[in-house]
Visitor: 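Encoded as structure tokens, here's the structure I'll be asking about.
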Number of protein chains: 2
Amino acid sequence: MPKCIQNSLSDQVYTMLKEQILSGQLKGGMKIPEESLAEQFGVSRTPIREAIRRLSEYGLITIKPRSHAIVSIITEQEANDIAKVRVTLEQLAIDSIDDASYAENVKELSRYAADCQYAMGIGDRATVFEQDSLFHLALVRSSRNSALINICERLDAKIQQLRIAQNLPEDELSYYLSQHSQMMSLLRNGDKEACKQLLYEHITHDLTRHIAGNRT
Amino acid sequence: MPKCIQNSLSDQVYTMLKEQILSGQLKGGMKIPEESLAEQFGVSRTPIREAIRRLSEYGLITIKPRSHAIVSIITEQEANDIAKVRVTLEQLAIDSIDDASYAENVKELSRYAADCQYAMGIGDRATVFEQDSLFHLALVRSSRNSALINICERLDAKIQQLRIAQNLPEDELSYYLSQHSQMMSLLRNGDKEACKQLLYEHITHDLTRHIAGNRT
DNA sequence: GCATTGTGTACTGTATACAATATTGATATC
DNA sequence: GATATCAATATTGTATACAGTACACAATGC
């Protein structure tokens with residue numbers, strides 16, 4: 001799903017900065033002065049400012065007015081809060097899916113589920129998380145509810161940050177991924193209630209047990 | 001609930017621009033060139049740009065890259081989509097409210113409900129809508145779920161736009177407002193299921209029947 | 001008359017310069 | 001030694017200037 005043509009410097013900086021935060025290269029609590037970023041990216045402060053402001057709307061950066069911006073720190077409480085909202089929203093998505101949109105999206109969903117499994121097999125966690133995000137976003141898109149899609153896409157950045165902070169052990173992550181295809185077969189059989197229940201477990205299962213502490 | 005100290009020009013422009021859009025002074029589809037806004041507000045293009053970009057994140061403005069920005073147009077489909085999401089989110093809020101947080105927020109909720117009724121009595125629709133928003137946001141805040149609160153606050157701008165576009169007839173609006181206190185008494189009695197059901201009716205009841213057409 | 005191309009204008013995107021404020025560290029005071 | 005005060009510095013907030021692109025409209029060819 002191409003989000004933007006990415007021709008403007010603002011967009012490019014936005015994408016790269018987001019990647020640096022989600023990859024852990026920029027850690028929670030770190031100061032990010034505009035000028036040093038401008039030097040790093042070889043652009044002026046203007047596109048940097050725009051990217052920072054956009055990312056702050058997504059909760060990945062916290063701006064202290066007239067002072068400085070830091071990479072947001074995710075707390076255990078916040079993780080729980082997000083999980084609850086996420087379950088609710090994705091359950092709404094499931095409720096909204098009809099046969100036609102399921103048929104239209106089933107191929108995409110299977111591919112993401114398979115790619116997740118494959119990446120897990122070769123121990124590539126970054127790809128696992130990426131494909132997992134894509135799976136859930138595709139599920140949400142199947143709802144065809146534009147407002148829902150919007151909110152979930154915007155929440156996705158925070159969820160990615162969360163997934164990384166969670167640092168789930170291999171066996172749990174693997175189990176968790178196997179639920180993707182289970183959810184799909186439940187959907188195919190039209191058993192939405194079971195699917196929603198499984199989704200709940202999929203998302204909230206021991207969510208915060210493994211949250212890694214954020215250091216400043 | 002103070003959102004921001006509002007000392008920066010960007011914030012001020014943001015607030016005023018938002019008001020102009022929600023008051024209908026700036027109509028859906030209208031072009032909003034940075035320079036003319038800059039002149040109007042007596043500031044440079046920089047704070048204007050930042051305000052426009054922020055409002056575009058909230059869906060109130062649509063930016064056509066390298067071309068121009070317009071005031072977003074709300075469609076009937078979008079209105080329905082938002083309503084569904086809104087019901088879901090506010091129902092989650094109701095589920096999350098416990099006795100303590102209800103006790104803490106009941107005064108605020110009653111005040112907003114009462115102010116709504118009063119404003120309705122004197123035919124001040126702008127205040128009705130404003131207080132209605134505050135009522136629902138206070139309800140959501142009672143959940144103490146920061147992620148939920150965030151999303152609902154961000155969705156609020158779009159909901160306000162929607163309420164205005166709806167242009168509900170007086171009797172319906174009046175009936176709709178009376179449900180506020182009903183919801184509160186259900187909450188007080190701990191009957192969350194009934195409260196959620198009423199909320200559903202409150203929000204989706206004939207939602208799009210009166211949507212006013214947007215002109216370019 | 002209609003499509004196509006070219007040109008001018010208007011607007012956005014970005015860089016830079018300046019102003020205003022917060023932070024830091026040193027100094028003074030208790 | 002701890003706290004308060006102040007100056008120097010670093011960083012943000014805003015204005016302005018310039019470059020590049022999209023759009024409108026006229027000119028040209030069919």
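Every chain is numbered from 1, with letters handed out A, B, ... down the list of sequences.
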Visitor: Whole Å only: how far is the OH atom of A/Tyr14 from the C1' atom of C/dG13?
Guide: 19 Å
Visitor: Between A/Arg49 and B/Glu50, is there a side-chain N and carboxylate O pair less than 4.0 Å apart?
Guide: yes
Visitor: Heavy-atom count around A/Phe41 CZ within 6.0 Å, excluding the residue itself: above 12?
Guide: yes
Visitor: Look at B/Glu57 together with A/Arg53 and state whether they make a salt bridge at an N to O cut-off of under 4.0 Å.
Guide: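 A/Arg53 and B/Glu57: not salt-bridged.
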Visitor: Taking atom P of D/dT14 as reference, at what distance in whole Å does atom CZ of B/Phe41 sit?
Guide: 14 Å
Visitor: Determine, for nucleotides 6-13 of chain D in 5'-to-3' order, which nucleotides have protein heavy atoms under 4.0 Å from the base (write B), from only the sugar-phosphate (write S), or from neither (write -).
Guide: -----SBB
Visitor: State whether the number of non-hydrogen atoms from other residues, nucleotides or ligands found under 6.0 Å of A/Tyr102 atom OH is greater than 12.
Guide: yes
Visitor: So, does A/Thr46 get its side chain near the phosphate of C/dT14, meaning an N or O under 4.0 Å from OP1 or OP2?
Guide: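 No.
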Visitor: In whole Å, I'd like the distance from the CD1 atom of B/Ile48 to the P atom of C/dC11.
Guide: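 For the pair B/Ile48 CD1 and C/dC11 P, the rounded distance is 14 Å.
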Visitor: Any salt bridge between A/Asp11 and A/Arg54, counting N to O under 4.0 Å?
Guide: yes
Visitor: Is it true that, when you exclude A/Glu35 itself, more than 12 heavy atoms of the residues, nucleotides or ligands shown sit nearer than 6.0 Å to its CD?
Guide: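 No.
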